[in-house]
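Labels below follow one simple rule: chain letters A, B, ... track the order of the sequence lines, proteins then strands, and each chain is numbered from 1.
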Amino acid sequence: MQNRESIQIPIPKNLNFKNCIPQIDRRYEESLYKVENGCIRRLIRLSSGTALIEITADINFMNIQLTKEDISQQDLLESQKYVLEWFDMDRDISLFYDLLRKYPQTKEFPKLFQGLRIIGIPDLFEALCWCVIGQQINLTFAHKVKNILVQRYGKSQMINDNTYYIFPTPSDLLHVDREEFVKMQFSKQKIDYIQNISEAFCSGVLKKSELKSLSKSDQMNKLLSIKGIGPWTANYVMMKSLGDMTCITYGDTGLSAALHTLFDTDKKPNKSTIDTIFEPFTGWESYLNFYLWSSLSND
DNA sequence: AACCAGGTTATGC
DNA sequence: GCATAACATGGT
C-alpha cells in the first residue's frame, strides 16, 4: 500500500527552480526522471527501499511529494537530503554572482541564469558510467545508450501507470556478459571501463562516502588510478557528485566552445589559458564551468 | 561525405 | 613530457 507525504523546503536566495529545469530536462530522451508542467518526478533509493519523489516549487517553497510504503521520519529526512544535494541548495552563491558581474564576458550571467544551481548526480556510480558512455560520442547517442542500459538493468517501479527507473548498481552490472554490452553498442574499451568501475565499487576500492572525506588531490589520485577514469571524468564527477566547487573540465568540448565564443580563445584553449580565465574565480571554478556550459544553449 | 562527438589509453619520440 | 593513433558508431 503506497502512502504519500510531503515536505516543504524554503527556497534559498539565488535559487530559481524554473531556471534549473532546462538543465534537467534537456531535449534528449531520459528515463531516470520525468519533467512535466514544472514538476519533476523520479524514483530514488532510500535506506528502507525506493520512493517516488515529485518536486514542484512556488516562490517561497520547494514542495516534495513522497510516495512509498510505510513512510518513516527517516525516509522524509533522506528524501530532503537528496533534493538538497541534487539542487546544491545548501550553498550561498551570491559571492559567485559578485565575481561574474566584474567581468564583461560574464556580467550578464547572473541575469541570464538567475538562480541556476549545479545540478548534481548524487549517485557516484551513475556519474562515472555516464562519463564513460558519453566519451567521444555525441550526446544524442549517449543518451540512447544510457536509457537502454537503465531500462534493461536498473530497478523499476510502476506507479500510477508510469514506469520509473533507478540507475543500475555496480553489482547489477558486474556480471553482465560482454556480448550484452556489445548489443547495447558499447565499444570493447568502454566495456572494460564499465567493468573496472563496477568492480572498484563492489570490492570497496571506490566508495562515495569515503572519497568525500579525502583531500582533493587524494580524491583525484584515487579516481585516476582506475582504468577508464581520466582527468576529464575525475573533474566531472568531483563537480557533479562529490560537491567540489573547484573543478575544471579541461579538454571538454563544451567548455572550449564557450571560452572560444565568450573569451575569444583558441578553439581548443590549453590548460594555462583556461587557468588564467578561471583564476579570479578561485573557489567557484565548478560554478563557472557549469554556467559556461549553460551559455552554450542560451543564444 | 566528411567531420565531429560532455575522452582515455597505449605508443613513440 | 607532449603529439598522435586507436577505439567505435551515430549525428549533422
Side-chain angles (χ1 to χ4, degrees), chain A residues 20 22-30 32 113 116-150 167 178-200 206 219-242 244 247-262 265-275 278 285-299:
Chain A
C20 290
Q23 275 299 322
I24 294 173
D25 188 21
R26 322 282 285 273
R27 60 192 175 81
Y28 306 105
E29 288 281 316
E30 177 58 62
L32 291 175
F113 309 118
L116 170 65
R117 298 305 181 111
I118 290 179
I119 305 302
I121 304 178
D123 179 351
L124 177 63
F125 179 64
E126 175 190 333
L128 288 166
C129 291
W130 173 233
C131 288
V132 171
I133 291 170
Q135 279 172 19
Q136 200 55 18
I137 60 173
N138 65 73
L139 278 177
T140 307
F141 180 46
H143 276 89
K144 277 185 189 164
V145 172
K146 185 185 83 167
N147 287 335
I148 292 170
L149 181 74
V150 166
F167 196 85
R178 297 182 70 85
E179 290 172 29
E180 295 301 315
F181 278 113
V182 171
K183 282 185 202 156
M184 294 186 283
Q185 293 176 283
F186 283 73
S187 66
K188 287 165 196 153
Q189 197 179 37
K190 288 187 180 182
I191 297 171
D192 289 338
Y193 296 169
I194 295 288
Q195 292 187 333
N196 279 340
I197 293 166
S198 302
E199 214 170 292
L206 273 187
Q219 287 179 358
M220 184 71 85
N221 289 334
K222 191 139 199 178
L223 288 167
L224 292 178
S225 73
I226 289 155
K227 201 166 288 189
I229 302 179
W232 182 89
T233 299
N235 277 296
Y236 184 91
V237 303
M238 285 164 70
M239 172 196 309
K240 299 273 283 187
S241 197
L242 301 178
D244 190 324
C247 301
I248 303 174
T249 53
Y250 297 104
D252 177 74
T253 310
L255 178 63
S256 300
L259 292 176
H260 176 60
T261 305
L262 292 171
T265 64
D266 293 344
K267 290 201 168 173
K268 285 191 64 186
N270 60 30
K271 182 174 183 299
S272 72
T273 304
I274 297 174
D275 283 339
F278 274 73
E285 290 90 338
S286 301
Y287 259 95
L288 180 58
N289 202 125
F290 192 75
Y291 269 52
L292 286 168
W293 275 333
S294 297
S295 75
L296 293 169
S297 47
N298 202 289
D299 45 17

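- Taking for each of Asn138(A) and Gly228(A) the nucleotide of DNA chain B with the nearest heavy atom, the 5'-most of the two is the partner of Asn138(A).
- Set against dT8(B), dG6(B), dG11(C), the side chain of Lys144(A) has dG11(C) as its closest nucleotide.
- If you check every strand for non-hydrogen atoms under 4.0 Å, Ile229(A) touches sugar and phosphate atoms only.
- Looking at Lys190(A), Gln195(A), Gln189(A) one by one, the single match for side-chain hydrogen bond (donor to acceptor under 3.5 Å, both in side chains) with Tyr193(A) turns out to be Gln189(A).
- Counting any heavy atom pair closer than 4.0 Å across all strands shown, Gln189(A) reaches a base atom.
- Side-chain N/O atoms of Gln135(A) include none lying less than 4.0 angstrom from OP1 or OP2 on dG6(B).
- dC7(C) and dA1(B): their P atoms are spaced 23 Å apart (whole Å).
- Nucleotides dA5(C) and dC3(B) are separated by 14 Å at their P atoms, to the nearest Å.
- Only the P atoms considered, dG6(B) is 23 Å distant from dA6(C), to the nearest whole Å.
- Comment: Glu29(A) does not engage Lys146(A) in a salt bridge, judged by the lack of any side-chain N to carboxylate O separation of less than 4.0 angstrom.
- For the OP1/OP2 pair of dA5(B) and a distance below 4.0 Å, the side-chain nitrogens and oxygens of Thr140(A) include no atom meeting the criterion.
- Using a 4.0 Å heavy-atom distance criterion, Thr249(A) is classed as making no nucleic acid contact.
- At a threshold of 4.0 Å, the pair Asp192(A)-Arg178(A) counts as salt-bridged, since one of the basic side-chain nitrogens sits closer than that to a carboxylate oxygen.
- Taking atom P in both dA8(C) and dT11(B), the straight-line distance is 15 Å, to the nearest Å.
- Set against dG10(C), dT8(B), dT9(B), the side chain of Lys227(A) has dT9(B) as its closest nucleotide.
- The backbone N or O of Asp244(A) sits less than 3.5 Å from a side-chain atom of Ser286(A), completing a donor-acceptor pair.
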